[in-house]
Amino acid sequence: MAPATADAAGAAVGGRVKTALGVAACERDAEKLELIEQLTKGFDDEQQRVLAAILARNNGAEYLRRHGMEGCTDRESFKARVPVVTYEDLRPEIERIANGDRSNIISSHPISEFLTSSGTSAGERKLMPTIEDELDRRQMLYSLLMPVMNLFVPGLDKGKGLYFLFIKSETKTPGGLPARPVLTSYYKSDHFKYRPFDAYQVYTSPTAAILCTDSFQSMYSQMLCGLLVRTEVLRVGAVFASGLLRAIRFLQLHWKELARDIETGTLSAKVAEPSIRAAVAEVLEPNPDLAAFVAAECGKDNWEGIITRMWPNTRYLDVIVTGAMAQYIPTLKFYSGGLPMACTMYASSECYFGLNLRPMCDPSEVSYTIMPNMGYFELMPHDPEAPAPAVSRDDPPPRLVDLADAEVGKEYELVITTYAGLCRYRVGDILQVTGFHNAAPQFRFVRRKNVLLSIDSDKTDEAELQAAVERAARLLAPYGASIVEYTSEADATTIPGHYVVYWELMLKGCREALWPEAAVFERCCLEMEEALNSVYRQGRNGDAIGPLEIRVVRGGTFEEVMDYAISRGASINQYKAPRCVSFGPIIELLNSRVLSKHFSPACPKYGPPNK
């Protein structure tokens with residue numbers, strides 16, 4: 001889908017304004033699109049300006065002084081003196097801030113809160129320091145999204161968006177600073193709560209529902225309000241694809257209650273939060289015809305196209321379906337009747353990066369254009385074929401590339417320097433350069449570095465999975481059983497998705513009589529979950545991740561997997577059993593050899609970190 005065009009630059013066409021990116025929907029949109037053009041044309045100049053501004057404002061910070069940057073704001077000194085770091089390198093500084101040290105450790109501006117990353121360190125969420133005015137930069141990037149979307153989908157001001165948005169519980173560090181996910185921080189900010197009216201961004205969900213930490217009450221009221229104005233909804237979305245599928249599953253489970261509320265005009269007593277009840281009361285009134293329609297459609301066995309059946313004027317789905325979320329694309333196509341899926345922006349807890357200038361493209365073609373005013377960005381060359389090198393503190397610093405010098409087709413790891421004080425920090429995202437918009441590089445998100453399994457915001461790496469398998473294997477020892485080989489997959493065919501781990505077992509002396517009973521394998525499932533990181537365990541205690549499943553395969557299965565890989569060109573000398581599989585024929589082979597399936601019988605223990 002191409003943006004609308006006009007004949008003359010700057011000319012108004014039916015109230016719309018011509019820009020370099022296309023015909024803007026209104027004058028305000030034209031200003032935003034012009035800002036994108038200005039920033040991307042002068043990309044490297046803006047990057048140098050941003051770096052100088054960051055270094056100048058944080059010049060009194062202990063971290064920069066330690067690395068000889070006092071009084072220096074130039075790029076050459078910065079690159080020569082400041083090391084490239086990971087979270088573990090910064091852990092001492094972050095812990096000092098978290099424990100209440102208010103001196104200028106990494107930033108000359110006060111750290112206002114910690115944003116909890118979905119990545120983990122030592123099994124717990126990483127704490128990303130941020131400052132108050134970072135909200136302004138995030139809001140700036142948000143303000144660019146609809147002007148771009150309006151180029152491709154006209155008339156969005158004539159309807160509403162059904163977005164399933166949620167906050168998560170927050171904690172405080174020992175020093176009293178809030179620690180919460182980045183979107184929870186944004187939704188609870190004045191920027192979101194008191195946002196001015198914008199005809200292009202009218203949501204069906206009441207703010208009170210979005211700000212409720214009880215996931216059932218929040219989802220129920222958001223779904224109800226979306227159904228009440230079903231013909232006014234022009235776009236349906238959630239942050240991640242997995243979140244939208246959870247909403248569909250919720251509708252499958254609760255449509256009878258929702259229809260009853262619509263028929264009677266009274267909200268279920270299960271929604272007890274007064275602010276939500278007051279908000280819903282403003283829009284809920286008896287509507288027997290709508291209730292009958294909901295019951296008729298949801299009562300059918302076939303749920304294919306349910307999104308367009310319930311919300312018939314939906315133009316597209318607004319969800320992230322890149323990276324690990326790509327596994328949900330087939331399911332979303334099924335439920336939406338093949339609606340386009342728009343991936344609009346690229347962001348993380350550490351920093352917001354850029355946006356998709358072609359949001360209606362196929363998910364396989366999504367590229368994000370980096371906005372140079374969000375932070376200072378560098379790239380570490382990444383060879384996907386090369387083994388990870390051993391790293392020593394005595395090694396010379398890795399060679400980094402400025403974004404303006406990125407090469408199309410090459411893969412890089414993103415390294416960022418932020419206003420909040422992160423300097424040359426490795427985010428862990430692997431990106432591939434697909435081209436340029438003006439002088440700004442455009443990237444395809446390839447994957448998170450070292451992430452093996454992911455269903456929602458969880459990220460489990462190979463070391464974590466190995467440790468979990470080893471912990472569970474101890475339960476097999478009394479039976480003389482051991483794990484010969486294993487692999488895993490993130491199964492997105494269920495809602496919610498869940499981890500599947502394939503085990504091939506060996507019994508000492510082939511004592512079939514001592515084959516572990518089903519309850520033992522169920523305990524193994526739970527034992528593995530207990531060993532996984534806190535982000536995974538929190539997702540399991542909510543509704544984001546389903547119970548872990550162990551599938552026991554017959555003896556010799558992994559030999560067959562190896563034979564298949566070798567038949568496709570793998571070296572027998574270098575072959576290693578993959579610890580995660582996503583290739584269809586391999587999964588089919590594994591599933592055809594399954595002897596038994598077992599699920600975790602309970603949720604793993606999870607509690608917010610102690611204050």
Side-chain angles (χ1 to χ4, degrees), residues 43-112 114-115 117 121 126-134 137 175 177 348-351 353 370 372-382 389-406 412-429 449:
F43 187 90
D44 198 51
D45 288 343
E46 179 66 12
Q47 278 282 273
Q48 291 201 60
R49 185 199 68 77
V50 167
L51 177 60
I54 290 172
L55 295 177
R57 74 185 295 180
N58 291 331
N59 215 256
E62 174 189 318
Y63 187 82
L64 286 175
R65 291 202 313 271
R66 184 191 312 157
H67 294 292
M69 287 299 295
E70 192 165 16
C72 298
T73 60
D74 61 290
R75 181 150 68 179
E76 292 71 24
S77 299
F78 177 74
K79 285 177 171 288
R81 302 175 186 178
V82 178
V84 177
V85 296
T86 65
Y87 186 83
E88 291 306 313
D89 297 320
L90 294 180
R91 181 189 285 276
E93 285 81 8
I94 289 173
E95 288 183 348
R96 283 173 57 194
I97 300 168
N99 288 330
D101 189 335
R102 295 293 182 264
S103 60
N104 295 338
I105 298 173
I106 63 172
S107 170
S108 295
H109 284 230
I111 300 300
S112 57
F114 284 102
L115 303 177
S117 169
S121 174
K126 295 177 182 177
L127 297 175
M128 295 298 163
T130 192
I131 54 179
E132 193 67 41
D133 65 5
E134 199 62 42
R137 275 177 284 279
L177 289 175
S348 74
S349 301
E350 296 90 338
C351 183
F353 305 117
I370 301 297
N373 59 333
M374 301 304 296
Y376 180 68
F377 307 117
E378 299 172 273
L379 300 170
M380 180 182 295
H382 173 75
V391 178
S392 166
R393 288 186 176 274
D394 298 327
D395 290 343
R399 180 181 64 86
L400 300 191
V401 176
D402 289 317
L403 266 67
D405 300 322
Y412 301 91
E413 181 181 350
L414 186 60
V415 178
I416 64 171
T417 298
T418 69
Y419 285 91
L422 295 178
C423 288
R424 309 194 88 185
Y425 177 82
R426 296 174 63 172
V427 175
D429 288 357
K449 192 174 183 180

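In terms of heavy atoms, Tyr63 sits closest to Val85 at OH-CG1, 3.5 Å. Minimum heavy-atom separation, Arg75 to Asp44: NH2-OD2, 3.0 Å. When all heavy atoms are compared, the tightest approach of Ile111 to Ala420 is CD1-O, 3.9 Å. Of all the heavy atoms in Ser112 and Glu132, the pair that sits closest is OG-N, 3.4 Å.
Two residues are said to be in side-chain contact when any heavy atoms from C-beta on lie closer than 4.5 Å; Leu90 and Met128 fail this criterion. Using a 4.5 Å heavy-atom threshold, the side chains of Phe353 and Ser348 count as touching. A heavy-atom distance below 4.5 Å is not found between the side chains of Leu127 and Ile97. Residues Val415 and Val427 are not in side-chain contact: their nearest non-hydrogen atoms beyond the backbone lie 4.5 Å or more apart. By the 4.5 Å heavy-atom criterion applied to side chains, Glu70 and Asn59 are counted as neighbours. No side-chain heavy atom of Val50 sits less than 4.5 Å from a side-chain heavy atom of Phe377. Annotation: side chain of Cys72 is in contact with side chain of Arg81 (closest heavy-atom distance under 4.5 Å). Here the side chains of Val401 and Glu378 are not in contact, with every heavy-atom distance at 4.5 Å or above.
More than 12 heavy atoms of other residues, nucleotides or ligands lie within 6.0 Å of CD in Glu95, so this atom counts as buried by the packing criterion.
With hydrogens and angles ignored, the 3.5 Å screen pairs a side-chain donor or acceptor of Asp101 with a backbone N or O of Ser103. Counting only distance, with no hydrogens or angles, the side chain of Gln47 and the backbone of Gly375 share a donor-acceptor pair below 3.5 Å. In this structure, the side chain of Asn58 engages the main chain of Tyr419 through a donor-acceptor pair within 3.5 Å. Without hydrogens or angle criteria, Arg399 side chain to Pro381 main chain gives no donor-acceptor distance under 3.5 Å. In this structure a side-chain-to-backbone donor-acceptor pair under 3.5 Å is present from Ser108 to Arg57. Between the side chain of Arg49 and the backbone N or O of Asn373 there is no donor-acceptor pair closer than 3.5 Å. Checked by atom type and distance alone, the side chain of Asp74 pairs as donor or acceptor with a backbone atom of Ser77 at under 3.5 Å. The backbone N or O of Ile105 sits nowhere less than 3.5 Å from a side-chain atom of Arg96 that would complete a donor-acceptor pair. Judged purely by atom type and a 3.5 angstrom limit, Tyr87 has no side-chain atom pairing as donor or acceptor with the backbone of Tyr425.
Contact check on Asp89 versus Arg426 returns no salt bridge, with no Lys/Arg side-chain nitrogen under 4.0 Å from an Asp/Glu carboxylate oxygen. Of the charged side-chain nitrogens involved, at least one lies within less than 4.0 Å of a carboxylate oxygen, so that Arg137 and Glu134 count as a salt-bridged pair.
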- Task: Output, in order, the C-alpha distance, side-chain angles, deciding distance and verdict of side-chain contact (heavy atoms from CB on, under 4.5 Å) for Leu177 and Arg102.
- Result: CA-CA 11 Å; Leu177 289 175; Arg102 295 293 182 264; 3.7 Å; yes
*Passes side-chain contact (heavy atoms from CB on, under 4.5 Å), Leu403 versus Leu379? Steps please.*
CA-CA 7 Å; Leu403 266 67; Leu379 300 170; 3.6 Å; yes
List the steps, then state whether side-chain contact (heavy atoms from CB on, under 4.5 Å) holds for Glu413 with Asp429.
CA-CA 6 Å; Glu413 181 181 350; Asp429 288 357; over 6 Å; no
*Under the side chain to side chain donor-acceptor pair (under 3.5 Å) criterion, do Thr86 and Glu88 qualify, and how do the steps go?*
CA-CA 5 Å; Thr86 65; Glu88 291 306 313; over 6 Å; no
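For the atom pair OG1 (Thr417) and CD (Glu350), the distance works out to 12.5 Å, reported to the nearest 0.5 Å.
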